[in-house]
Amino acid sequence: MAGVALHLSPGWDENSVVCSPYIAGGDTINASLNTALSPLALDPAKLEPFADPLPLPPIARSSGFRPSPEGPSRKVPFYEIEMREIFGRLHRDLPPARQWGFGGTVPGPTFETRSGEELLVKWVNRLPAHHFLPIDHRLHGAELDKPEVRTVVHLHGGRTPPSSDGYPEEWYPPGQSATYFYPNRQDAATLWYHDHAMGINRLNIYAGLSGMFIIRDQVEDRLQLPRGRYEMPLVIFDRMLDTHGQLLYPVSDNPAAPWVADFFGNVMMVNGRVTPFLEIEPRRYRFRILNGSNSRLYHLRLANGMPMMQIGTDQGLLPSPLELRRLAIAPAERADLVIDFAGHQGEPIVLKDDAVDVMQFRVSRARVVDDSHLPDLLRSVPRLPEASAIRTRTLTLNEYNDRTGKTILMLLNETYWHQPVTEKPQLDSTEIWNLVNLTDEVHPIHLHLVRFQVLDRRVFERFEYQRTGHLRYLGPVIPPEHNEMGWKDTVRAEPHAVTRIIARFEGYKGRYVWHCHNLEHEDNEMMRPYEVIETG
Ligand SMILES: [Cu+2]
């Protein structure tokens with residue numbers, strides 16, 4: 001990149017990274033479905049689709065009460081969740097696969113709580129001493145002097161005190177634990193928890209370390225949305241399997257530098273099972289969809305063309321339901337959907353990602369009474385006025401390639417993780433962040449602690465920007481998508497565009513992080529600390 005000195009970390013050699021051909025350029029299933037190139041990889045065409053029923057993660061159960069860290073006279077529910085190695089079938093016709101799960105399942109148990117109800121979780125690392133996926137010891141935080149297996153848990157979307165937020169360097173090895181406090185003083189929303197350990201986060205989440213965390217509130221209660229067995233999480237992620245049905249994670253051709261720039265699998269999993277089916281009644285259902293993939297962005301649709309109503313996004317309900325035929329959802333984004341299967345008695349309906357099957361709904365012929373409701377108005381989401389921002393930051397998204405064109409490093413604002421903190425918003429202040437994407441791909445950018453709103457996007461001339469620092473726009477201001485008009489915590493920073501977001505930094509002072517949620521990018525420097533400071 002012009003004008004930017006590229007400082008490679010120790011051990012980096014510009015020519016040393018050569019990516020494996022089966023991940024190159026693969027933003028579609030077909031491009032990444034090069035199983036012939038890897039003799040170890042299972043051909044997913046050999047797996048019968050819709051052979052397994054959709055599993056539902058168990059509900060997390062508290063084991064007692066403990067004093068609240070913010071008011072010891074209050075007793076709050078206490079949960080103890082172990083991360084451990086498990087063996088479970090990913091498909092009916094495959095042998096059990098090694099995975100790492102919270103509480104013994106993948107996804108882990110779903111937390112059910114309410115706005116303002118505090119809880120404590122003791123996250124216990126009972127994983128083996130050795131990792132079963134390929135660590136790249138050149139990555140910051142994953143050096144040879146660190147334990148191979150390290151974990152730290154982050155509640156994605158939680159307004160959480162910094163000591164419980166899962167700072168990536170606050171990892172701990174097997175045999176140790178951390179007890180985190182979640183005040184949940186925020187609106188009803190679909191959150192999720194996952195590992196966040198520095199330099200191996202992509203491997204730990206790929207191994208299975210993620211789960212859902214649902215916050216409800218009175219606003220949502222009044223709406224009579226589908227509840228109970230008519231409401232469920234759908235955690236979607238892609239994987240690659242070997243011929244023994246075990247998780248396969250690709251490596252570059254250089255054993256000393258195994259990191260790959262993106263992961264695109266060829267097996268679609270929902271709630272931990274390969275292209276499952278779900279038997280349902282001809283009525284409304286509520287699905288909390290999480291894209292739990294490392295890199296893949298989905299375009300979900302129902303094969304028969306029927307509509308899906310989106311009622312919520314990352315941080316809760318939209319102002320009103322939005323009819324969609326196709327849902328774009330990037331890694332870490334959530335979409336709260338209501339789908340009405342009435343009138344489709346006896347039909348099998350496939351949920352697809354472009355041309356690829358994700359799962360199948362089998363609508364029964366039962367006569368049912370649907371007492372759920374989908375009101376026209378869901379929740380008021382007042383727009384944050386731009387004039388309320390006391391500061392605008394312009395922050396670039398950067399990718400660096402070696403001489404062969406292979407990506408070797410990603411940065412935020414040309415700054416490495418270890419450099420001093422540069423983003424220090426004041427507590428209770430509002431800021432606008434201009435995310436200037438200088439790369440050719442979408443980066444899902446996530447800020448811890450806060451919820452934000454998407455202001456707009458605008459395409460710009462990036463070579464001129466790189467040369468002169470001048471932002472010359474090439475097109476009109478593009479407003480957010482209709483389904484981005486709710487509160488967000490992860491935004492798609494589109495290629496060659498400036499994506500503007502506005503956030504109020506409220507809740508807690510202290511050190512947090514912001515990062516790309518493409519996990520391969522995040523593990524290779526596309527993450528920065530930020531600090532909420534006392535009002536000056
Ligand atoms: Cu990225």
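We number each residue from 1, following the sequence as shown. The structure displayed is predicted, hence computed values, not measured ones. Just so you know, ligand 1 is whichever comes first in the structure, and atom 1 is the first atom listed for that ligand.
- Nearest N/O/S atom of H443 relative to the Cu ion (ligand 1): this is ND1.
- Between H515 and the options H448, H521, R528, a side-chain hydrogen bond (donor to acceptor under 3.5 Å, both in side chains) holds for only H448.
- Closest approach of S252 and W259 over heavy atoms only: CB-O, 3.8 Å.
- The minimum distance between the Cu ion (ligand 1) and any N, O or S atom of H521 involves atom ND1.
- At a cut-off of 2.8 Å, C516 coordinates the Cu ion (ligand 1) through an N, O or S atom.
- In terms of the side chain to side chain donor-acceptor pair (under 3.5 Å) criterion, residue partners of W100 (sequence neighbours excluded) are, by chain and number, E85.
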**Study point:** Working for side-chain hydrogen bond (donor to acceptor under 3.5 Å, both in side chains), residues T490 and H156
**Key:** CA-CA 10 Å; T490 305; H156 182 122; 3.1 Å; yes
